[in-house]
Amino acid sequence: MMNSSKAETPFLAALVAVIRERRSVRAYLPERIADSILDACFDLAILAPTSHNLECWQMIDVRDTNRLVALRHLCLDQSAAAAAPHLIVAVARPDLWRRGRALMLEHIQREKADPTLSAAMQEFMPLFERKYRLQIPFLFADGPFHILAPLKRFLVWCRAWFKPIMRGPFGRHEQALWAVKTAALACENFMLALTAHGFDSCPMEGFDEPRVKRLLGLPRAAEIVMVIAAGRGAAGGVIPQIRFSREHYIARA
């Protein structure tokens with residue numbers, strides 16, 4: 001448990017300042033964000049926690065003028081979408097699990113070949129590799145139209161009679177929810193990073209998802225988590241933040 005002296009660090013003060021400063025801004029100046037700053041924010045988004053290290057999400061920075069105009073309309077012409085110089089579409093991509101698995105297996109092979117790897121890590125690597133060769137395909141390879149998902153649920157249900165066990169995600173909807181949770185964590189990192197760089201953002205859920213997916217050429221398995229408006233906030237763009245006392249949200253069991 002962290003002691004009080006360690007908790008009271010400059011990192012804590014900076015974190016509190018950034019979190020309190022971040023607000024959903026709905027009016028923007030036309031000033032664009034430099035590519036170097038956007039890239040730095042995307043790099044911090046990538047550092048967000050990700051389930052199984054599979055990173056099944058994408059952020060699409062819409063730059064094409066015609067697509068941007070169309071996207072503003074598909075976001076129901078709401079003020080943040082209409083005014084912001086940048087619109088970033090956050091997409092959950094459960095269908096990309098194979099890419100993530102392949103990257104992790106390549107990483108494991110490089111680590112195993114590293115002569116400086118500690119003895120403890122050398123013992124751990126075979127277990128780590130087995131996870132990506134066996135467990136990950138079992139969780140995510142459902143076959144055409146997820147036809148194997150009911151069978152896998154039944155097998156796991158039988159096993160769960162004898163020990164606690166991870167029960168999914170199996171099937172299209174469970175895997176979509178799994179990927180959305182990971183994508184949302186990356187979105188928060190991205191928006192906090194924008195705030196730290198002196199820019200503003202607004203996560204939007206008001207959009208026509210099927211049409212946005214067609215506009216961006218996304219596959220059926222993709223789920224749009226949110227569209228993030230980003231830029232330099234203008235006067236009058238901040239809606240009052242309404243929060244209630246802690247006991248409404250925090251429970252101890």
Side-chain angles (χ1 to χ4, degrees), residues 10-51 53-63 67-68 71-72 74-93 96 176-207 209 212-213 216 218 222-244 249-250:
F11 300 107
L12 177 62
L15 175 64
V16 170
V18 169
I19 290 175
R20 291 191 179 279
E21 182 69 18
R22 192 219 63 80
R23 303 290 291 278
S24 293
V25 174
R26 291 169 173 79
Y28 291 87
L29 300 173
E31 173 190 353
R32 293 185 61 80
I33 304 172
D35 286 351
S36 59
I37 292 177
L38 275 178
D39 288 343
C41 294
F42 288 131
D43 287 343
L44 291 176
I46 294 169
L47 296 180
T50 175
S51 180
N53 286 312
L54 294 177
E55 297 179 347
C56 289
W57 58 268
Q58 289 179 313
M59 286 189 185
I60 303 174
D61 181 9
V62 179
R63 297 290 186 94
R67 281 185 173 178
L68 194 56
L71 182 57
R72 296 186 199 283
L74 296 180
C75 288
L76 314 183
D77 295 311
Q78 55 187 293
S79 57
H86 299 272
L87 293 180
I88 292 92
V89 182
V91 188
R93 292 292 304 272
L96 295 181
L177 177 60
W178 164 83
V180 164
K181 289 186 284 187
T182 294
L185 292 171
C187 290
E188 180 69 1
N189 265 29
F190 177 70
M191 290 186 290
L192 290 176
L194 283 171
T195 300
H197 280 282
F199 290 93
D200 299 289
S201 60
C202 181
M204 298 179 290
E205 293 184 290
F207 49 81
E209 183 173 12
V212 174
K213 287 170 67 171
L216 300 177
L218 293 169
E223 299 281 343
I224 298 178
V225 180
M226 63 186 76
V227 179
I228 300 174
R232 183 87 67 185
V238 179
I239 302 299
Q241 189 178 65
I242 302 172
R243 296 293 186 270
F244 302 101
Y249 314 105
I250 310 301

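Residue Ala229 comes nearest to Ala84 through the heavy atom pair CB-CB, 3.6 Å, listed as atom of the first residue, atom of the second, then distance. Met226 and Phe207 make their closest contact through CA-CE2, 4.0 Å (heavy atoms, listed as atom of the first residue, atom of the second, distance). In plain terms, the two heavy atoms of Trp178 and Cys56 that are nearest each other are CH2-SG, 3.6 Å. Scanning all heavy atoms of the two residues, the minimum distance from Thr182 to Ser51 falls at OG1-N, 3.6 Å. Nearest heavy atom pair, residue Cys41 against residue His197, reads SG-CD2, 3.6 Å. Across all their heavy atoms, Arg32 and Pro85 have their closest contact at NH1-O, 3.0 Å.
Atoms CH2 and CG, on Trp57 and Leu185 in that order, are 10.5 Å from each other to the nearest 0.5 Å. Put simply, CG on Leu87 and CZ on Arg72 are 5.0 Å apart, with the number rounded to the nearest 0.5 Å. Between atom CZ of residue Phe42 and atom CG of residue Asn189 there is a gap of 13.0 Å, rounded to the nearest 0.5 Å. For the atom pair Ser24 OG and Met204 CE, the distance stands at 10.0 Å (nearest 0.5 Å). From Cys202, atom SG reaches atom CZ of Arg26 across 4.5 Å, with rounding to the nearest 0.5 Å. Note that the CZ atom of Arg20 and the CG atom of Leu15 stand 10.5 Å from one another [nearest 0.5 Å].
No more than 12 heavy atoms of other residues, nucleotides or ligands shown are found within 6.0 angstrom of CZ on Phe11. At most 12 heavy atoms of other shown residues, nucleotides or ligands fall within 6.0 angstrom of atom CD in Glu21. When the shell of 6.0 Å around CD of Glu205 is examined, it contains 12 or fewer heavy atoms from other residues, nucleotides or ligands.
In this structure, the side chains of Val227 and Ile88 stay at 4.5 Å or more apart for every pair of heavy atoms. Taking 4.5 Å as the limit, every side-chain heavy atom of Val25 sits out of range of all side-chain heavy atoms of Ser201.
Ion pairing of Asp35 with Arg63 is present here, as a side-chain N (NZ or NE/NH1/NH2) and a carboxylate O approach within less than 4.0 Å.
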Please test Phe190 against Leu44 for side-chain contact (heavy atoms from CB on, under 4.5 Å), starting from the C-alpha separation and ending with a verdict. CA-CA 6 Å; Phe190 177 70; Leu44 291 176; over 6 Å; no
Please assess Gln58 against Val89 for the test side-chain contact (heavy atoms from CB on, under 4.5 Å), listing each intermediate value before the final yes or no. CA-CA 8 Å; Gln58 289 179 313; Val89 182; over 6 Å; no
Leu192/Ile19 under side-chain contact (heavy atoms from CB on, under 4.5 Å): CA gap, chis, key distance, verdict: CA-CA 7 Å; Leu192 290 176; Ile19 290 175; 4.1 Å; yes
Go through the steps to decide whether Val62 and Leu216 satisfy the test side-chain contact (heavy atoms from CB on, under 4.5 Å), and finish with yes or no. CA-CA 9 Å; Val62 179; Leu216 300 177; 4.1 Å; yes
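Every side-chain contact (heavy atoms from CB on, under 4.5 Å) that Leu74 has, sequence neighbours left out, goes to Arg211, Val212, Leu215.
Counting only distance, with no hydrogens or angles, the side chain of Lys213 and the backbone of Ile224 share no donor-acceptor pair below 3.5 Å. The closest donor-acceptor contact from the side chain of His86 to the backbone of Ile33 lies under 3.5 Å. A donor-acceptor pair under 3.5 Å is absent between the side-chain atoms of Asp200 and the main chain of Arg232, judged by distance alone. At least one donor-acceptor pair closer than 3.5 Å links the side chain of Arg23 to the backbone N or O of Ile239. A donor-acceptor pair under 3.5 Å is absent between the side-chain atoms of Glu55 and the main chain of Thr50, judged by distance alone.
Counting only residues at least two apart or on different chains, the salt bridge (charged side-chain N to carboxylate O under 4.0 Å, His left out) pairs with a member in residues 83-93 are Arg93-Asp95.
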